[in-house]
Amino acid sequence: MNKEAIFGRYHYQYTEEGYIGDLEISRIGNDKAAFSLFSVTGAPARNIADVPTDTIPFKGNSFVYTIPESDSCSFKVSFYKGFAVVVYTNGYCSGQFGMNATVDGIFIKQSEE
């Protein structure tokens with residue numbers, strides 16, 4: 001996969017009432033990137049999972065990120081042609097985000113960097 005094709009904005013949405021999420025990644029030099037991830041649970045009680053913009057080392061088509069100041073809340077983001085997959089590496093991170101909020105998901109690419 002062409003690494004340049006990875007950078008941009010990704011989105012997922014499961015119906016108007018369901019979960020919604022956004023992932024953005026942009027290039028910073030040759031071996032670094034900045035990314036952010038935001039997700040909300042389904043209606044009526046929308047809870048938030050928010051990973052504010054952070055800089056990461058980035059060389060291949062995936063990276064593992066650990067939430068700062070968490071015990072072991074980490075997830076892997078893998079990029080494929082036209083989509084990204086986010087999965088927890090140590091199981092669900094209880095207490096890190098709003099009730100039932102998660103960063104898990106399959107995000108479809110919406111725009112280039």
Using atom types as modelled and distance alone, determine if a side-chain donor or acceptor of [X] lies under 3.5 Å from a backbone N or O of [Y].
| X | Y | answer |
| --- | --- | --- |
| Asn47 | Asn100 | no |
| Lys109 | Phe7 | yes |
| Thr89 | Ser74 | yes |
| Thr41 | Ala45 | yes |
| Arg9 | Ile25 | no |

Enter the distance from [X]:[atom1] to [Y]:[atom2] here, rounded to the nearest 0.5 Å.
| X | Y | atom1 | atom2 | answer |
| --- | --- | --- | --- | --- |
| Ser70 | Phe97 | OG | CZ | 8.5 Å |
| Ser62 | Tyr80 | OG | OH | 7.5 Å |
| Phe107 | Leu23 | CZ | CG | 5.5 Å |
| Leu37 | Thr53 | CG | OG1 | 10.5 Å |
| Glu69 | Gln96 | CD | CD | 9.5 Å |
| Glu24 | Ser111 | CD | OG | 7.5 Å |

* Asked: Honestly curious: do Tyr88 and Val77 fall in one hydrophobic cluster under the side-chain, below-4.5 Å linking rule?
  ->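 Same hydrophobic cluster.
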* Would Ile48 end up clustered with Val51 when hydrophobic side chains under 4.5 Å apart are linked, directly or stepwise? ->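 No.
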* **Non-hydrogen atoms of Pro57 and Phe63 that approach each other most closely** =>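 Heavy atoms only, the tightest pair is O-CB, 4.4 Å.
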Got [X] and [Y] here, is their nearest side-chain heavy-atom distance under 4.5 Å?
| X | Y | result |
| --- | --- | --- |
| Phe75 | Asp104 | no |
| Tyr10 | Val86 | no |
| Phe58 | Ile28 | no |
| Asp22 | Gln110 | no |

* To do: Take Val85 and Lys76, measure what side-chain contact (heavy atoms from CB on, under 4.5 Å) needs, and give me the verdict at the end.
  => CA-CA 8 Å; Val85 176; Lys76 182 176 184 179; over 6 Å; no
* If you count the non-hydrogen atoms of other residues, nucleotides and ligands that lie under 6.0 Å from CD1 in Ile108, is the total more than 12? -> yes
* Parallel, tilted or perpendicular, as decided by the 30° and 60° cut-offs, for the rings of Tyr14 and Tyr12 ->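 Answer is tilted, since the angle falls between 30° and 60°.
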* Going through the checks in order, is the side-chain hydrogen bond (donor to acceptor under 3.5 Å, both in side chains) test met by Tyr19 and Thr102? -> CA-CA 9 Å; Tyr19 280 66; Thr102 181; over 6 Å; no
* Can the ring centroids of Phe35 and Tyr65 be said to lie less than 6.0 angstrom from one another? -> yes
